[in-house]
Amino acid sequence: MEGKRKKYNREAEQLLRKLSTHENELTNSEHFELNEIFGAHCYSPLDELVIEKTRGVWVWDIEGKRYMDGLSAYSAHNAGHCHRTIVKAMREQIGKCDTTSGAFLHKELGPFKAELAAFCGKDMVWPQNGGVEAWEFAVKVSRLWGYREAKGVPEEKAEIIVMRGNFHGRTLAATSASSEPAYKKGFGPFLPGFVWVDYDDTEALQNAITPNTVAVIFEPIQGEAGIKVPRFGYLKAVRELCDKHNILMVADEIQVGLGRTGYKFACDYESVVPDLYIIGKALGGGSVPVSAVAGNKDILGLIEPGTHGSTFAGNPLSCRAARAYLRVYEEEDLAEKSRVMGNYFMDRLSTIFSSHIKEIRGRGLLIGVELNSPARPFCEELKRLGLLCKETHGNIIRIAPPLVITKKQIDWAVKRIKKVLEA
Ligand SMILES: Cc1ncc(COP(=O)(O)O)c(C=O)c1O
């Protein structure tokens with residue numbers, strides 16, 4: 001142990017010396033080492049890749065090699081990397097007015113809230129930073145609503161139904177709501193009040209409802225679980241059950257909303273409107289963390305001053321970035337682009353004949369290629385050929401490029417996927 005610590009210290013010292021004298025000469029693998037030595041190992045990033053520049057669907061590593069981004073930071077880059085309109089809006093804001101916290105209003109906040117509420121078709125919104133914060137706010141506000149007259153659940157008894165295989169983020173509340181043992185091991189005790197049912201199983205949902213159920217919180221397509229698309233009719237059935245039992249329908253659209261699946265919201269596929277939308281990722285234009293919960297006054301209006309807050313939520317830079325994203329979304333018709341290009345991508349992928357492929361599924365530009373074996377080696381090989389994708393749930397390659405991808409660029413990507421899967 002002592003020997004290992006000494007070796008690490010020597011390596012660390014060498015790296016620190018180079019960092020202070022020749023930072024620009026650090027290699028991909030030296031950057032990797034810096035992360036290994038000085039950072040907690042929450043992720044397992046693809047080997048030997050350190051990105052320095054990003055533009056549109058492309059990213060470049062520090063050695064100048066170009067890659068296509070097939071992941072888009074899990075849907076954060078719907079508009080493409082460093083979109084001109086979004087960068088311009090942020091440049092105008094930086095150096096002009098920075099964070100004021102919730103204690104004082106700033107000029108960007110009201111317009112942002114009004115535009116986002118209109119975009120979502122809801123009375124009001126509450127902004128947060130990362131996606132999981134918005135999810136957690138939705139949990140809090142659902143409980144609050146459940147204890148009021150409209151529902152009348154006894155204090156401390158509220159139950160929220162969540163789906164097996166869900167992914168809502170990494171705070172302790174979201175980890176408590178998870179059904180994935182690997183996400184939970186070692187982090188207990190967990191928050192009570194969650195009830196699990198199988199995804200895409202209406203009967204199980206119906207059976208789990210009790211007089212204390214205040215909300216059903218779910219992803220209209222489960223992303224992290226492996227791009228699980230429910231059968232047509234499921235979203236409507238959830239809506240009907242929620243209406244019948246006076247329960248809030250809360251859609252986590254953090255990964256699948258804002259155009260990713262070919263619609264403004266993934267719930268639009270069945271023309272279903274939830275009581276609360278939870279959005280994030282792409283809302284910040286891929287540059288800054290912006291998330292939000294959108295709902296009507298009878299729910300969000302219950303929040304009173306002092307009961308919830310966040311220093312950086314709705315800061316001027318976030319507001320400008322998000323307003324710019326909403327503009328780009330409309331002007332460039334990102335949902336339509338996702339629908340058209342998603343269909344094209346799927347068609348092209350269906351021409352690949354490979355014994356490795358079990359199933360190809362998805363909606364819009366959120367595509368999962370399920371393999372018969374671990375996907376990681378295939379992702380490593382795709383990276384070698386210049387296409388960045390990331391495995392999910394072991395054997396699924398998640399493909400989610402920026403929505404501004406062209407047919408020519410899709411052909412470029414499919415050529416590489418074909419090469420790797422048909423080998
Ligand atoms: C459906 C869903 N909800 C919530 C989150 C958490 O978002 P964040 O990582 O911004 O906290 C994610 C992130 O991948 C997600 O996919």
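All heavy atoms count here, side chains included; hydrogens, waters and symmetry mates do not. Order of appearance sets the numbers: ligands from 1, and atoms from 1 within every ligand.
- Judged by a 6.0 Å distance limit and a 45° cone about the ring axis, Lys228 is not positioned over the six-membered ring of Tyr199.
- With salt bridges taken as basic N to acidic carboxylate O contacts below 4.0 Å, none links Asp69 and Arg55.
- When the side chain to side chain donor-acceptor pair (under 3.5 Å) test is applied to Thr99, no partner is found at least two apart in sequence or on another chain.
- For Glu219 (side chain) and Ile254 (main-chain N/O), no donor-acceptor pair under 3.5 Å exists by modelled atom type.
- A salt bridge between Glu224 and Arg398 is present, with a side-chain N of the basic residue lying under 4.0 Å from a carboxylate O of the acidic one.
- In terms of modelled atom types and a separation under 3.5 Å, the side chain of Ser75 and the main chain of Gln255 share a donor-acceptor contact.
- If you look at ligand 1, the protein residues with a non-hydrogen atom under 4.0 Å away are Gly130, Gly131, Val132, Phe167, His168, Gly169, Glu219, Asp252, Ile254, Gln255, Lys281.
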